[in-house]
Amino acid sequence: MQTNCKSPLNSPMNLTVYKALVVFLFVLSLWGCGTTKTIPQPSQMPLSQGADANVVLSNGVSQMDRPKREFRGAWLATVTGGYQGMTPVEMRSKLVEQLNVLQYAGVNAVLFQIRPTADAFYPSALEPWSRYLTGVQGKAPSPIWDPLQFMIDECHRRGMEMHAWINPYRVKQHLSDKLAPWHIYNKHPERFVKYGDKLFFNPALSANRDYINAVIADIVKRYDVDGIHLDDYFYPYPIPGQVFNDRAQFNHRVDKQMNLGDWRRLQVDYLIRELHQTINRLKPWVKFGVSPFGIYRNEKNDPNGSATNGLENYGDLYADVLKWARNGWVDYLIPQIYWRIGNPVADYQVLVDWWARNTQGVPLIVGQSVDRILKYPDTKDIDKNQLDAKMKLQRSYHTVVGSCQWPGRYVARNMGNYADSLKIKYHKYPALQPVFYQIDAQAPYHVEKLDAQWSEAGYRLTWQPPLIKHLREMLRGGMLSQKQAFEMARADKYVVYRFARHQKVDLTDPKYIVTITDKCYYQLPYVDGKVRYHYVVTAMDRLQNESDGQMIAVKL
């Protein structure tokens with residue numbers, strides 16, 4: 001309910017009471033009238049290939065220069081992260097240091113590798129502790145701790161999403177690597193394939209898919225992850241002169257007319273579809289994303305492919321990524337478009353354009369290579385690297401909703417002033433996550449009882465969570481349980497905006513965001529009570545759908 005400040009001018013009261021009321025209202029105005037006003041959110045349009053990303057904000061600035069919604073990710077690998085053999089104290093300290101720099105650089109999502117070679121960076125009854133944690137697979141850290149839970153807590157504390165990065169098929173980086181005695185390979189060696197110097201799950205076996213699904217289900221059930229993420233390792237990168245030995249299963253295929261390539265792609269399709277179903281059944285708000293190799297198909301092999309001449313997802317790794325997007329089996333894609341602008345084999349500009357036109361409505365995030373961006377000069381200015389050109393290009397497409405930096409540890413080191421560049425120019429203001437319409441686009445109701453109050457801690461803006469006026473199973477045809485519906489409907493975080501007295505209230509401009517918090521208060525920067533501001537508070541659900549705003553005037 002809104003509270004109104006009513007004028008006493010027409011009230012039948014004596015002069016003494018009137019004067020007293022005027023004094024009271026003047027004192028009250030020092031803190032803000034207490035009146036709130038609802039500020040509607042601008043409508044969000046679903047991704048479309050014809051939409052224009054270059055929307056102009058009310059102050060004349062292009063939204064391309066400071067988008068309010070953008071996925072700003074960083075991959076933190078554990079295989080190459082240098083954590084192996086660290087004490088728990090040392091590793092926690094390093095992770096905190098990395099996250100602090102990533103937060104400074106405006107990163108709002110961390111993709112942390114938790115299952116590199118069918119082993120775990122978390123306590124698991126299904127798989128042994130990772131060799132990349134303690135140096136010996138199966139050896140627990142001492143004293144015992146949970147890196148996955150630690151990263152979830154630290155990321156959420158900083159307002160970042162935490163996506164658990166999984167390698168589905170890889171078991172050994174080198175055949176000489178020793179596996180823990182109770183590793184699944186030692187129980188069922190017939191379910192694995194040696195290829196080159198590596199060991200893999202055989203993708204053609206349903207028992208392996210069931211096992212990988214069980215691993216993912218265990219993670220999703222026990223941990224509050226925001227996403228499950230797979231990289232580009234499906235069928236292994238081809239080695240000239242060597243054969244991946246899945247022919248026994250291929251020879252027993254039901255459809256004898258199916259060739260080897262189509263059959264292998266079907267095996268990976270099964271895994272992707274089943275993983276999406278598993279995640280959606282348990283926690284439908286957890287996003288499932290894939291970062292495929294940067295080329296889907298070359299034009300020489302498919303007229304609809306890109307004008308490139310490199311390795312393919314489709315023909316070499318047997319990953320039909322566009323089929324997954326078309327069927328709704330993935331919630332986002334981060335193709336690894338690591339090449340430079342102007343590369344004759346695989347041009348960054350050609351590939352960003354191709355992916356932006358072929359996303360099938362799935363949010364597209366560009367995988368960026370930090371070292372290659374720093375290494376190669378801008379094609380129009382040899383004194384600059386390619387970061388500016390690449391950021392402008394990705395932001396010019398409506399279907400591109402952000403970028404992800406590889407490797408995140410280079411950003412955390414501020415290599416080549418990369419973190420500084422993101423902070424100063426490209427990530428200067430906060431960004432909410434893109435709207436994932438295919439999962440849920442229903443915003444929560446607005447906050448209740450917004451007020452400015454004095455407290456022991458000082459002058460505060462306070463509010464109450466929004467009422468839950470609908471549950472999502474009503475909108476999803478009974479597909480959700482009551483618990484799931486409540487979890488998706490409730491407010492998870494709040495956005496606080498501040499506008500000077502004569503500034504236009506514009507909730508599309510992130511410049512005015514002062515904090516994103518999971519608390520129901522914000523400490524106000526009170527000075528002398530002489531300058532008037534308008535504060536707006538909105539509520540966000542787990543997928544960062546944002547409510548209408550509640551506005552209050554406050555004198556600081």
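Please read these numbers as outputs of a predicted model, since none were measured by experiment. What's counted below: heavy atoms across the whole structure, side chains too, no hydrogens, waters or symmetry copies. Counting from 1, the numbers follow the sequence of the chain as shown.
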Engineer: Go through the steps to decide whether Arg357 and Asp353 satisfy the test salt bridge (Lys or Arg N to Asp or Glu O under 4.0 Å), and finish with yes or no.
Structural biologist: CA-CA 6 Å; Arg357 291 184 289 103; Asp353 179 76; 2.9 Å; yes

Engineer: Given 3.5 Å as the limit, does a donor-acceptor pair link the side chain of Asn327 with the main chain of Trp329, or not?
Structural biologist: no

Engineer: Relative to the ring of His276, is the ring of Phe288 parallel (under 30°), tilted (30 to 60°) or perpendicular (over 60°)?
Structural biologist: tilted

Engineer: Is it the case that more than 12 heavy atoms not belonging to Gln149 sit under 6.0 Å from its CD atom?
Structural biologist: yes

Engineer: Is the closest basic N to carboxylate O distance between Arg395 and Glu70 below 4.0 Å?
Structural biologist: yes

Engineer: Is the backbone N or O of Met258 less than 3.5 Å from a side-chain atom of Arg253, with the two atoms forming a donor-acceptor pair by type?
Structural biologist: yes

Engineer: Are side-chain heavy atoms of Ser306 and Tyr296 found at a separation under 4.5 Å?
Structural biologist: no

Engineer: Testing the basics here: between Ala180 and Gln137, what is the closest heavy-atom pair and its distance to 0.1 Å?
Structural biologist: N-OE1, 2.9 Å

Engineer: Find out whether Leu179 and Arg131 are in side-chain contact, i.e. whether some heavy atom of one side chain is under 4.5 Å from a heavy atom of the other.
Structural biologist: yes

Engineer: For Phe250, does the six-membered ring have the charged nitrogen or CZ of Arg264 within the cation-pi criterion, i.e. under 6.0 angstrom from the centroid and within 45° of the normal?
Structural biologist: no

Engineer: Answer yes if the ring centres of Tyr397 and Trp354 are under 6.0 angstrom apart, and no otherwise.
Structural biologist: no

Engineer: Is it true that, when you exclude Lys483 itself, more than 12 heavy atoms of the residues, nucleotides or ligands shown sit nearer than 6.0 Å to its NZ?
Structural biologist: no

Engineer: Tyr169 and Asn208: side-chain donor and acceptor closer than 3.5 Å?
Structural biologist: no

Engineer: If you measure from OG on Ser291 to CD1 on Ile365, what distance do you get to the nearest 0.5 Å?
Structural biologist: 10.0 Å

Engineer: Charged N to carboxylate O under 4.0 angstrom, Asp420 versus Lys423?
Structural biologist: no

Engineer: Within the distance-only criterion (no hydrogens, no angle test), does the side chain of Thr134 pair as donor or acceptor with the backbone N or O of Val136 below 3.5 angstrom?
Structural biologist: yes

Engineer: Between Ala389 and Ile341, what is the shortest heavy-atom contact and its length?
Structural biologist: CB-CD1, 3.7 Å

Engineer: Are Asp218 and Arg222 within salt-bridge range, i.e. N to O under 4.0 Å?
Structural biologist: yes

Engineer: Test your reading of the model: is there a side-chain donor-acceptor pair from Asn385 to the backbone of Lys375, 3.5 Å cut-off?
Structural biologist: no

Engineer: May I ask you to decide if Thr78's main-chain N or O and Gln113's side chain share a donor-acceptor pair within less than 3.5 Å?
Structural biologist: yes

Engineer: Distance-only, no hydrogens or angles: does the Gln360 side chain make a donor-acceptor pair with backbone N or O of Leu322 under 3.5 Å?
Structural biologist: no

Engineer: Which atom names give the shortest non-hydrogen contact between Gln438 and Pro363, and what distance separates them?
Structural biologist: NE2-CD, 3.6 Å

Engineer: Counting C-beta onward and ignoring hydrogens, is there a side-chain heavy-atom pair between Val401 and Leu364 closer than 4.5 Å?
Structural biologist: no

Engineer: Could you report the tightest heavy-atom contact between Ala217 and Thr278, atom names first, then the distance?
Structural biologist: CB-CG2, 3.8 Å

Engineer: Check whether more than 12 heavy atoms from other residues, nucleotides or ligands sit under 6.0 Å from atom CD of Gln242, and answer yes or no.
Structural biologist: yes

Engineer: For a 4.5 angstrom cut-off between non-hydrogen side-chain atoms, does Gln84 reach Tyr132?
Structural biologist: yes

Engineer: Keeping the roles fixed (side chain from Asp119, backbone from Pro128), state whether a donor-acceptor pair exists under 3.5 Å.
Structural biologist: no

Engineer: Check this for me, if you would: do Arg158 and Glu154 make a salt bridge, where the nitrogen-to-carboxylate-oxygen distance has to be below 4.0 angstrom?
Structural biologist: yes

Engineer: Out of the candidates Arg542, Lys283, Gln482, only one should pair with Glu487 under the side chain to side chain contact (heavy atoms under 4.5 Å, CB included) rule; please name it.
Structural biologist: Arg542

Engineer: Start with the C-alpha distance between Leu275 and Ile166, add both sets of side-chain angles, then the distance that settles side chain to side chain contact (heavy atoms under 4.5 Å, CB included), and finish with yes or no.
Structural biologist: CA-CA 12 Å; Leu275 287 179; Ile166 310 296; over 6 Å; no

Engineer: With a 6.0 Å cut-off on ring centres, are Phe201 and Phe192 close enough?
Structural biologist: yes

Engineer: With distance as the sole test, does Asn313 use its side chain to make a donor-acceptor pair with the main-chain N or O of Ala319 at under 3.5 Å?
Structural biologist: no

Engineer: Between Val362 and Trp324, does a side chain to side chain contact (heavy atoms under 4.5 Å, CB included) hold up when you go through it step by step?
Structural biologist: CA-CA 10 Å; Val362 170; Trp324 308 341; over 6 Å; no

Engineer: Is any side-chain heavy atom of Leu111 closer than 4.5 Å to one of Ile334?
Structural biologist: yes

Engineer: Indicate whether the side chain of Asp197 and that of His174 have a donor and an acceptor atom separated by less than 3.5 Å.
Structural biologist: yes

Engineer: How long is the span from the CD atom in Glu312 to the CG atom in Asn301, to the nearest 0.5 Å?
Structural biologist: 4.5 Å

Engineer: For the residue pair Leu271 and Phe234, establish whether any side-chain heavy-atom pair is separated by less than 4.5 Å.
Structural biologist: no

Engineer: Are Asn167 and Asp231 close enough that some pair of their side-chain heavy atoms sits under 4.5 Å apart?
Structural biologist: yes

Engineer: Donor-acceptor pair, Lys300 side chain versus Thr308 backbone, under 3.5 Å?
Structural biologist: no

Engineer: Locate the shortest heavy-atom distance separating Ala419 from Val101; write the atom from each residue and the value.
Structural biologist: CB-CG1, 4.0 Å

Engineer: Measure the CD1-CD distance between Ile373 and Gln405 for me, rounded to the nearest 0.5 Å.
Structural biologist: 6.0 Å

Engineer: Atom CG of Leu374 and atom OH of Tyr410: how far apart are they, to the nearest 0.5 Å?
Structural biologist: 10.0 Å

Engineer: Between Leu99 and Met151, does a side chain to side chain contact (heavy atoms under 4.5 Å, CB included) hold up when you go through it step by step?
Structural biologist: CA-CA 9 Å; Leu99 289 176; Met151 285 295 286; 4.0 Å; yes

Engineer: Roughly how far, to the nearest 0.5 Å, is the CZ atom of Phe112 from the CZ atom of Arg115?
Structural biologist: 15.0 Å

Engineer: Flag this pair as yes if the NZ/CZ of Arg170 is under 6.0 angstrom from the six-membered ring centre of Tyr233 and inside a 45 degree cone about the axis; otherwise no.
Structural biologist: yes

Engineer: Quick check: closest heavy atoms across Ser142 and Pro88, and the distance to 0.1 Å?
Structural biologist: O-CD, 3.5 Å

Engineer: Do you know which of Gln433, His427, Gln544 makes side-chain hydrogen bond (donor to acceptor under 3.5 Å, both in side chains) with Asn108?
Structural biologist: Gln433

Engineer: Which distance, rounded to the nearest 0.5 Å, do you find between the OG of Ser93 and the CE of Met86?
Structural biologist: 8.5 Å

Engineer: Are Phe244 and Tyr235, when compared by the centres of their aromatic rings, separated by less than 6.0 Å?
Structural biologist: yes

Engineer: Return yes when atom NZ of Lys94 has more than 12 non-hydrogen atoms of other residues, nucleotides or ligands closer than 6.0 Å, and no otherwise.
Structural biologist: yes

Engineer: Could you tell me whether Arg157 and Asp153 make a salt bridge, using a distance below 4.0 angstrom between a side-chain N and a carboxylate O?
Structural biologist: no

Engineer: Start with the C-alpha distance between Tyr376 and Asn343, add both sets of side-chain angles, then the distance that settles side chain to side chain contact (heavy atoms under 4.5 Å, CB included), and finish with yes or no.
Structural biologist: CA-CA 10 Å; Tyr376 294 106; Asn343 185 296; over 6 Å; no

Engineer: Is it true that a side-chain atom of His163 and a backbone atom of Lys287 form a donor plus acceptor pair closer than 3.5 Å?
Structural biologist: no

Engineer: Going by atom types alone, do Asp347 and Trp339 pair a side-chain donor with an acceptor below 3.5 Å?
Structural biologist: no

Engineer: Answer with yes or no whether the side chains of Tyr348 and Gln368 bring together a donor and an acceptor at under 3.5 Å.
Structural biologist: yes

Engineer: Any heavy-atom pair between the side chains of Lys390 and Leu393 that's under 4.5 Å?
Structural biologist: no

